A.B. asks: 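A single structure is presented below for examination.
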There are 2 protein chains.
Amino acid sequence: MKRDTPGRILLDHGSGGLAARELVRGLFLRHLGNPLLDELEDSAVLDLAGGRLAFTTDGYVVDPLFFPGGDIGALAIHGTINDLAMRGAAPAALSAAFVLEEGLETAVLDRVAASMGAAAAAAGVPVVTGDTKVVPRGAADRLFVTTAGVGVVPAGVRLGAACIRPGDRILLSGTIGDHGVTVLTRRAGLALEGDLRSDTRPLHRLAAAVLAAAPGGVHAMRDPTRGGLAETLCELAERAGAAMEIEEAAVPVRPAVRAACELLGLDPLYLANEGKCVVVAEPGAAEAVLAAMRATAEGRGAVAIGRVTEGPPGRVEMRTAVGGRRIVPPLAGDPLPRIC
Amino acid sequence: MKRDTPGRILLDHGSGGLAARELVRGLFLRHLGNPLLDELEDSAVLDLAGGRLAFTTDGYVVDPLFFPGGDIGALAIHGTINDLAMRGAAPAALSAAFVLEEGLETAVLDRVAASMGAAAAAAGVPVVTGDTKVVPRGAADRLFVTTAGVGVVPAGVRLGAACIRPGDRILLSGTIGDHGVTVLTRRAGLALEGDLRSDTRPLHRLAAAVLAAAPGGVHAMRDPTRGGLAETLCELAERAGAAMEIEEAAVPVRPAVRAACELLGLDPLYLANEGKCVVVAEPGAAEAVLAAMRATAEGRGAVAIGRVTEGPPGRVEMRTAVGGRRIVPPLAGDPLPRIC
Ligand SMILES: Nc1ncnc2c1ncn2[C@@H]1O[C@H](COP(=O)(O)OP(=O)(O)OP(=O)(O)O)[C@@H](O)[C@H]1O
Ligand SMILES: Nc1ncnc2c1ncn2[C@@H]1O[C@H](COP(=O)(O)OP(=O)(O)OP(=O)(O)O)[C@@H](O)[C@H]1O
Ligand SMILES: [Mg+2]
Ligand SMILES: [Mg+2]
Ligand SMILES: [Mg+2]
Ligand SMILES: [Mg+2]
Ligand SMILES: [Mg+2]
Ligand SMILES: [Mg+2]
């Protein structure tokens, strides 16, 4: 919208950060825009035949295909379930469309499909429709998969950045950076100390527990995937027209993740997560929501990390561990491709 | 299921023919199978919150990206609308997930997105959610797009191969081969005589007219995309547990398409279409359905091409123009990659 997109697509346009936002707003929304798409939420919510339907999609191009804690198949199931769950929907069904490179070992595809089947079964959300395309050798790197999902939004549930109010508390379901650092170190072929594992997992049960704990008291949920916690907060703040303040010391980072980030010069705030969520709740609801999150396996490490303020729209400020303050800018110019 | 899939993925696995069917049944259904997926129809139909929802997906990898009569963006909108329409659904919304190669000219992406926007607007079906991934140079060929779609199936509508009965008439909405031969000649760089153009267009209005003309009298609809009319009839016959008989002379093929096919050694029966549909209707309904098809712009050339018989399940037989009979086998061993 503001800046012209450059003449060629850069890796940065897929980062989930500022360049990606500009490509979506400046190019895609210009041609495809409509009130539902323009909301830029995790799922679109449609009024359909007597109910409200959440609908979302994500492509998966992660490299390597398999990594500690998960693989492209599990990611593709969990990620789409999570984008449905973030709007308060009960996920009902998924689609899966594959682009395969000629020559791909069938055993690799079998392993990916098995992982998808297991992840779908564990989540209780079936894949009900699919597609398979094969492109000649060299026209794709092994395998890409795109999932879409539909879910039912219960009556009365309304979640989104537009519902956020100054004073709201910002909650986080657990540690950050695990997925991003795991994929990056594995891709770099580094064997690091410590136990690095992707956090990929479905969040629909956590989300349902959150909503049950404080009907009406939850304003927004968002899964901090590409661009990490920092980018998610910047986007929420911008779209809410509010500022946010978080405490660095409150944001949980596993020691092994912190060590790997220091070694690689990465900031865990900007690393992708695949099994975490940010919840923005009314101050009066925050304690109950936090307790409900902690009562689930996937939210055991939930913490309050900050609050929404009346500061300049879109500004995210962090009180550092040593007592200073710094601005947390949106992700820019640091493309980390093929993370999911 | 029957034959082991080989140790590597071949182009043939993406053809929409026999090898593709075996990969879907032998690998994907083994891991992902469930009653909705196992139907192997154009869309899954879900019972959801008081209504029935059709849900479908397709990936698009066509090469070249732009061709006479259309482009990858228009195909991606039309194809998913058509798979919804074939189950009798009113298409409600689409998703679009892009995989872009680093270095892609932004102008190319802009043209594709513009075409998608125009196609979505013309069809009255908005894109409500999307995704954008960028992979490094060489990891994908320019751009792939995967659309998914949701639609509402009106009460009482039930269409699918399982509803087909011996005696049913087989109708076809117009000429065959136009899309496939256009993409193949364009890719080969051939400048042929005559006017070759893709037939890509949305079929939801035609489908609605068909259903309105004979409520309860229409048993199945299918869009003959990859694998063409031959593969579509073979699949329908197999899943219906019936045989089919068609008249070669009744199947319309444009002279320019026929000429190009002869030159290239292609059989129009196996070439992909992107704006045609096969309708299987009760004998008593066939005339009314045909008239309703002909009254639409996209079905002006509709014809009756044959009927369902009690012959061996899955057998499709053709009475040739010179009075003989031949079996029309499913597509096998003739991969035509990147046709859609
Ligand atoms: N090519 C596109 N066309 C239209 N809308 C898009 C496109 N790409 C993304 N969007 C929209 O932009 C918003 C942000 O998309 P994004 O993919 O960053 O979110 P996400 O799926 O939550 O994150 P991630 O993909 O990292 O899991 C969503 O509302 C999405 O629908
Ligand atoms: N990878 C997959 N996993 C699960 N089901 C699949 C997969 N690929 C295809 N299918 C299923 O197989 C059936 C046939 O798929 P196919 O893609 O051939 O149909 P289509 O979309 O109508 O054709 P086209 O893709 O040529 O437009 C559909 O029911 C689809 O859901
Ligand atoms: Mg998300
Ligand atoms: Mg996502
Ligand atoms: Mg398909
Ligand atoms: Mg189809
Ligand atoms: Mg299709
Ligand atoms: Mg996304």
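A note on names: the letters A, B, ... follow the listed sequences, proteins ahead of strands, and every chain is numbered from 1. Please read all numbers here as calculations on a predicted model, not as lab measurements.
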A.B. asks: In terms of heavy-atom proximity below 4.5 Å to chain B, should A/Leu94 be classed as side chain, backbone, both, or neither?
C.D. replies: backbone
A.B. asks: Is A/Val99 close to chain B through its backbone or its side chain, or both, or neither, when contacts mean heavy atoms under 4.5 Å?
C.D. replies: side chain
A.B. asks: Go through the atoms of A/Ala96 and report whether side chain, backbone, both or neither lie under 4.5 Å from a heavy atom of chain B.
C.D. replies: backbone
A.B. asks: Side chain from CB out, backbone as N, CA, C, O: work out which of these in A/Val112 comes under 4.5 Å of a heavy atom of chain B, or both, or neither.
C.D. replies: neither
A.B. asks: Of all of B/Ala44, B/Gly117, B/Gly103, B/Gly14, which one pairs up most often with chain A through heavy atoms under 4.5 Å apart?
C.D. replies: B/Gly103
A.B. asks: Do you know which of A/Asp12, A/Thr146, A/Asp63 has the most heavy-atom pairs under 4.5 Å to chain B?
C.D. replies: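 Answer, by heavy-atom pair count under 4.5 Å with chain B: A/Thr146.
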A.B. asks: Is chain B contacted by the side chain of A/Ala120, its backbone, both, or neither, given a heavy-atom distance below 4.5 Å?
C.D. replies: neither
A.B. asks: Let's go through A/Asp71 and A/Ser115 carefully: what are the C-alpha distance in whole Å and the side-chain angles of both, what is the deciding distance for side chain to side chain donor-acceptor pair (under 3.5 Å) to 0.1 Å, and is it a yes or a no?
C.D. replies: CA-CA 8 Å; A/Asp71 58 70; A/Ser115 170; 2.7 Å; yes
A.B. asks: Of the backbone (N, CA, C, O) and the side chain (C-beta and beyond), which part of A/Asp58 lies under 4.5 Å from a heavy atom of chain B, both, or neither?
C.D. replies: both
A.B. asks: Counting heavy-atom pairs under 4.5 Å to chain A, which of B/Thr56, B/Val24, B/Asp42 comes out on top?
C.D. replies: B/Thr56
A.B. asks: Pick one of side chain, backbone, both or neither for A/Ala92, based on which atoms fall under 4.5 Å of a heavy atom in chain B.
C.D. replies: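 Contact with chain B involves the side chain of A/Ala92 alone.
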A.B. asks: Using 0.5 Å steps for rounding, measure from the CG atom of A/Leu143 to the CD1 atom of B/Ile9.
C.D. replies: 9.5 Å
A.B. asks: Is chain B contacted by the side chain of A/Glu101, its backbone, both, or neither, given a heavy-atom distance below 4.5 Å?
C.D. replies: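 Backbone only.
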A.B. asks: Please determine if B/Arg21 and B/Glu231 form a salt bridge, counting it only when a charged side-chain N lies under 4.0 Å from a carboxylate O.
C.D. replies: yes
A.B. asks: Whether B/Arg222 and B/Glu41 form a salt bridge (side-chain N of Lys/Arg under 4.0 Å from carboxylate O of Asp/Glu) is what I want to check.
C.D. replies: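 Here B/Glu41 pairs with B/Arg222 in a salt bridge, since their nearest N and O are under 4.0 Å apart.
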A.B. asks: Assess whether a salt bridge exists between B/Arg25 and B/Asp38, defined as any Lys/Arg side-chain N lying under 4.0 Å from an Asp/Glu carboxylate O.
C.D. replies: no
A.B. asks: Pick from B/Asp141, B/Leu36, B/Val61, B/Leu109: which one has the most heavy-atom pairs with chain A under 4.5 Å?
C.D. replies: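 Max contact count across the listed options: B/Leu109.
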A.B. asks: Answer with side chain, backbone, both or neither: which region of A/Leu40 has an atom nearer than 4.5 Å to a non-hydrogen atom of chain B?
C.D. replies: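 When you check distances to chain B, no heavy atom of A/Leu40 falls under 4.5 Å.
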A.B. asks: Please flag which part of A/Leu100 lies under 4.5 Å from any non-hydrogen atom of chain B: side chain, backbone, both or neither.
C.D. replies: side chain
A.B. asks: Measuring heavy-atom distances to chain B, does A/Leu46 have an atom under 4.5 Å in its side chain, in its backbone, in both, or in neither?
C.D. replies: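 Only the side chain of A/Leu46 comes within 4.5 Å of chain B.
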A.B. asks: Quick test of your reading of the model: are A/Arg8 and B/Glu102 salt-bridged, counting only N-O distances below 4.0 Å?
C.D. replies: no
A.B. asks: Could you tell me whether the side chain of B/Phe98 reaches within less than 4.5 Å of the side chain of B/Val134, counting heavy atoms only?
C.D. replies: no
A.B. asks: Taking B/Ser95, B/Ala97, B/Pro126 one by one, which has the highest count of heavy-atom pairs under 4.5 Å against chain A?
C.D. replies: B/Ser95
A.B. asks: With a 4.5 angstrom heavy-atom cut-off, could you sort out which part of A/Arg226 is near chain B: side chain, backbone, both or neither?
C.D. replies: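 The side chain, not the backbone.
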A.B. asks: At a heavy-atom distance under 4.5 Å, which candidate from B/Arg142, B/Glu105, B/Arg137, B/Glu39 has the highest pair count against chain A?
C.D. replies: B/Glu105
A.B. asks: Counting only non-hydrogen atoms closer than 4.5 Å, does A/Phe144 touch chain B with its backbone (N, CA, C, O), its side chain (CB onward), both, or neither?
C.D. replies: side chain
A.B. asks: Kindly say whether B/Lys133 contributes a backbone atom to a donor-acceptor pair with the side chain of A/Arg338 at under 3.5 angstrom?
C.D. replies: no
A.B. asks: Mind ranking B/Ala114, B/Gly16, B/Ser15, B/Ala107 by heavy-atom pairs under 4.5 Å with chain A and telling me who comes out on top?
C.D. replies: B/Ala114
